[in-house]
Amino acid sequence: MRMTRYFLPVLRETPAEAQIASHRLMLRAGMIQQSSAGIYSWLPLGLRILRKIENIVHEEQIAAGHIPMLMPTLQPASLWQESGRYDDYGREMLRITDRQGRKLLYGPTNEEQITDIFRAHVNSYRDLPLTLYHIQWKFRDEIRPRFGIMRGREFLMKDGYNFDIDKAGAIHSYNRHMVSYLRTYERLGLQAVPMRADTGPIGGNHSHEFLVLADTGESEVFFDNRILGNRFGDRKLDFDNREECQGIFDEWTSPYARTDETHDPKEFEDQVPAEHRQTSRAIEVGQIFYFGTKYSQPMQAMVVDADGQRTAVHMGSHGIGVSRLAGAIIEASHDDKGIIWPRSAAPFDVGIVNLAQGNTATGEVCDDLCTALEGLGMEPLYDDTRERAGSKFATMDLIGLPWRITVGPRGLAVGEVELTERRSGESIKCTPEAAVNRLRSIYTGQGG
RNA sequence: CGGGGCGUAGCGCAGUCUGGUAGCGCGACGGCUUUGGGAGCCGUAGGCCGUUGGUUCGAAUCCAAUCGCCCCGACCA
């Protein structure tokens, strides 16, 4: 992508309303623009990041055997009256009346909607287990939206719903979600710690939240810091194997880890040696619930079991805040110059900086680099503007692409460009071909 | 919703107390000189001072209402 043909409205100064790093940097990097309180437009760069995160979430859900679909943003009030939540949910629910006087609401979550779909089509235990999910915009009319997209009113969330014949099956679904979420966060370069949580308005009696440690987080958390060494890594796993999933679940949930809602100071002291007790602020980036028959019972989502008896299905729901993850990654990965994207979420893979726009030699090399990188399936962002070097570097640092190739007349005179890693700031000087090869080996593990 | 604050050019702000024809920096645009870490000089464009009503000869400034936004708290992906 050539920058002169792109839309990248970066800001040199920080808008006054932005208090935390992610909000500041998202505005400055031209990722988002506020529309009204807690509601944002996603500008082209921001959209790319959102899509990258979404894709990873999709891949991990599908790997776990979950099935994608899409439900609407607007739901009929009648479904929520059936579950009893139309009155319970309170003022966070945005209620809308259409021209016919029908009551609608902008969905804050989709338990009712999915249960309605399920009960219309599934009648037998033979069709279970089933887990459906979607990634869709949600609206919660927060009392006080803040911190940019971290606590927006409109936000993009992946929410999944499992249907199982009994509690044991639903607990396996719960564990499977735990594993799929751990893998998702790890791919995004985040260390998210599962912590025992309250169930809130979703209800139920079994829930974990996933928290990314960050000073600007809204939650206070208490945990055994030995859990920070846990990595999923590249281990293989059969998601249908209950023991394997339970093993991963146990591995990640046996160390003490609680949010302030469930924290018990006495248990903390009893279970965790003083040198491992840690307290921190953290950002909640996901939550999983098992709630049994809370919705299936009132909404009559029944199947016939192996004995021919009609029985309410056991359900759970599972959410990852996709738009919030964009902010959480920035909170966890930035410096005073700007964002540092992990490769998996970066809007472009590499930035190409032409230091002498208009110079035939540098122009040709930059064009060739773009062609070569695109040929390898990478996405370069080519700064072909007439800005000065300092300004171009500052922009690249701000938007945080993992790699930068700098092409200038001085280096080209000896046949060299410069390949710089954003995270470490380390540079090597090499031929353009060598730079491409280096990136190829990093991105595909091939060549050299 | 309780408490605090703010709406003046695309962005950051001054001017408001003490009423008198709207200013600075950055950015944009044009020219010249520069050109490997946010250049220099000269010039240009851009504002119903959030909105409505009032006081006044005169309102960004005083008064009232209203809309919006931000921060702290209770709620949440």
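Convention: sequence-line order gives letters A, B, ...; per-chain numbering from 1.
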Practice task
Classify the nucleic acid contact of Gly319(A) as base, sugar-phosphate or nothing, counting any heavy atom under 4.0 Å across all strands shown.
Solution key: nothing

Practice task
Could you give the distance separating C11(B) and G20(B) at their P atoms, to the nearest angstrom?
Solution key: 27 Å

Practice task
Examine C1(B): is either OP1 or OP2 under 4.0 Å from a nitrogen or oxygen in the side chain of Arg144(A)? Give yes or no.
Solution key: no

Exercise for the section: Counting heavy atoms from C-beta on, name the nucleotide in G12(B), G37(B), C75(B) closest to the side chain of Pro15(A). Expected result: G12(B)

Exercise for the section: Look at Arg146(A) and C70(B) and indicate whether a side-chain polar atom (N or O) is within less than 4.0 Å of OP1 or OP2. Expected result: no

Handout entry: Heavy-atom donor-acceptor pair, Thr253(A) side chain to Phe249(A) backbone, under 3.5 Å
Key = yes

Problem - Flag side-chain contact, heavy atom, 4.5 Å: Arg196(A) against Ser207(A) - result: no

Practice task
Give Gly152(A) one of three labels, base, sugar-phosphate or nothing, depending on what nucleic acid heavy atoms sit under 4.0 Å from its own.
Solution key: base

Exercise for the section: Quickly work out the Ile20(A) CD1 to C71(B) P distance and round it to whole Å. Expected result: 9 Å

Between N or O atoms, less than 3.5 Å apart, protein on one side and nucleotides 27-34 of chain B on the other: list the pairs.
residue, atom, partner, partner atom, Å
G27(B), OP1, Arg12(A), NH1, 3.3
U34(B), O2, Arg388(A), NH1, 2.7

Handout entry: Short N-O contact, Arg146(A) and Glu218(A), less than 4.0 angstrom
Key = yes

Practice task
Determine whether the side chains of Gln357(A) and Asp384(A) contain a donor N or O and an acceptor N or O closer than 3.5 Å.
Solution key: no

Exercise for the section: Report the distance from atom NZ of Lys158(A) to atom P of A77(B), rounded to the nearest whole Å. Expected result: 13 Å

Handout entry: Ring centroid separation Phe291(A) to Tyr161(A) under 6.0 Å
Key = no

Enumerate donor-acceptor pairs with a distance under 3.5 Å from any side-chain N or O in residues 180-192 of chain A to protein atoms, sequence neighbours excluded.
residue, atom, partner, partner atom, Å
Ser180(A), OG, Gln61(A), NE2, 3.3
Ser180(A), OG, His177(A), O, 3.0
Tyr181(A), OH, Lys158(A), NZ, 2.7
Tyr181(A), OH, His318(A), O, 3.1
Tyr181(A), OH, Gly319(A), N, 3.1
Arg183(A), NE, Glu60(A), OE1, 2.7
Arg183(A), NH2, Glu60(A), OE1, 3.1
Thr184(A), OG1, Ser180(A), O, 2.7
Tyr185(A), OH, Val285(A), O, 3.0
Glu186(A), OE1, Phe232(A), N, 2.7
Glu186(A), OE2, Phe232(A), N, 3.2
Glu186(A), OE2, Gly233(A), N, 2.7
Arg187(A), NH1, Glu59(A), OE1, 3.0
Arg187(A), NH1, Glu60(A), OE2, 2.9
Arg187(A), NH2, Glu59(A), OE1, 2.7
Gln191(A), OE1, Arg231(A), NH1, 3.1
Gln191(A), NE2, Leu228(A), O, 3.3

Problem - Under 4.0 angstrom between Gln19(A) side-chain N/O and C71(B) OP1 or OP2 - result: no

Exercise for the section: Select base, sugar-phosphate, or nothing to describe what Gly90(A) touches, counting heavy atoms under 4.0 Å on all strands. Expected result: nothing

Exercise for the section: Answer with yes or no whether the side chains of Tyr106(A) and Arg95(A) bring together a donor and an acceptor at under 3.5 Å. Expected result: no

Exercise for the section: Would you indicate what Glu17(A) reaches in the nucleic acid, counting non-hydrogen atoms under 4.0 angstrom: base, sugar-phosphate, or nothing? Expected result: sugar-phosphate

Problem - Residue matched to C1(B) through Watson-Crick or wobble contacts both under 3.5 angstrom - result: G73(B)

Exercise for the section: Taking the six-membered ring for Trp and the full ring for Phe, Tyr or His, determine whether the centres of Phe289(A) and His206(A) are under 6.0 Å apart. Expected result: no

With 3.5 Å as the limit, what N/O pairs link the protein to nucleotides 3-7 of chain B?
none

Practice task
Identify, between Val407(A) and Ala18(A), the residue whose nearest nucleotide on RNA chain B lies closer to the 5' end.
Solution key: Val407(A)

Problem - Atom-pair distance (OH on Tyr89(A); P on C75(B)), nearest Å - result: 14 Å

Practice task
Let me know the distance between CE of Met150(A) and C1' of C75(B), rounded to the nearest Å.
Solution key: 17 Å

Problem - Minimum-distance nucleotide to Met157(A) side chain [options: A74(B), A77(B), C75(B)] - result: A77(B)

Exercise for the section: Could you tell me whether Ala394(A) contacts a base, only the sugar-phosphate backbone, or nothing, with contacts defined as non-hydrogen atoms closer than 4.0 Å? Expected result: base

Problem - Nucleotide opposite C62(B) in a Watson-Crick or G-U pair, distances under 3.5 Å - result: G54(B)

Exercise for the section: Find the distance Leu11(A):CG to C11(B):C1' and express it as a whole number of Å. Expected result: 7 Å

Exercise for the section: Answer with yes or no after comparing the ring centroid distance for Tyr133(A) and His66(A) against a 6.0 Å cut-off, counting only values under it. Expected result: no

Problem - Sugar-phosphate only, base, or nothing, as touched by Asp397(A) at under 4.0 Å among non-hydrogen atoms - result: base

Problem - Any N/O donor-acceptor pair, Arg28(A) side-chain to G12(B) base, under 3.5 Å - result: no

Handout entry: Pair Glu379(A) + Arg48(A), salt bridge at N-O below 4.0 Å
Key = yes

Practice task
Give a yes or no on whether the ring-centroid distance for Phe268(A) and Tyr256(A) is below 6.0 angstrom.
Solution key: yes

Handout entry: Euclidean distance, atom CG of residue Leu355(A) to atom C1' of G37(B) [Å, nearest integer]
Key = 10 Å

Practice task
Describe the nucleic acid contact of Gln34(A) in one word from base, sugar-phosphate, nothing, applying a heavy-atom distance below 4.0 Å.
Solution key: sugar-phosphate

Exercise for the section: Would you kindly compare Ala389(A) and Phe155(A) by the position of their nearest RNA chain B nucleotide and give the one closer to the 5′ end? Expected result: Ala389(A)

Completion exercise
Against the side chain of Glu13(A), the closest entry in C26(B), C71(B), C69(B) is C26(B)

Fill in the blank from the handout: In whole angstroms, the gap separating C1' of G37(B) from CG of Asn354(A) amounts to 16 Å

Exercise for the section: Tell me what Thr395(A) touches on the nucleic acid: a base, only sugar-phosphate, or nothing, going by heavy atoms under 4.0 Å. Expected result: base

Exercise for the section: Verify the stacking flag for Phe393(A) against G36(B): centroid separation must be under 5.5 angstrom and the ring planes must differ by under 30 degrees. Expected result: no

Practice task
Indicate, with a heavy-atom threshold strictly under 4.0 Å, whether Arg386(A) touches base, sugar-phosphate, or nothing.
Solution key: nothing

Exercise for the section: Counting heavy atoms from C-beta on, name the nucleotide in A77(B), C26(B), C69(B) closest to the side chain of Glu142(A). Expected result: A77(B)

Practice task
Mind checking Thr406(A) for me? I need base, sugar-phosphate or nothing, with any heavy atom below 4.0 Å counting as a touch.
Solution key: base

Exercise for the section: Sticking with atom C1', work out how far G19(B) lies from C63(B), rounded to a whole angstrom. Expected result: 13 Å

Handout entry: 4.5 Å side-chain heavy-atom contact, His314(A) and Phe163(A)
Key = no

Problem - Length of the line joining Phe210(A):CZ and A77(B):C1', which is rounded to integer Å - result: 12 Å

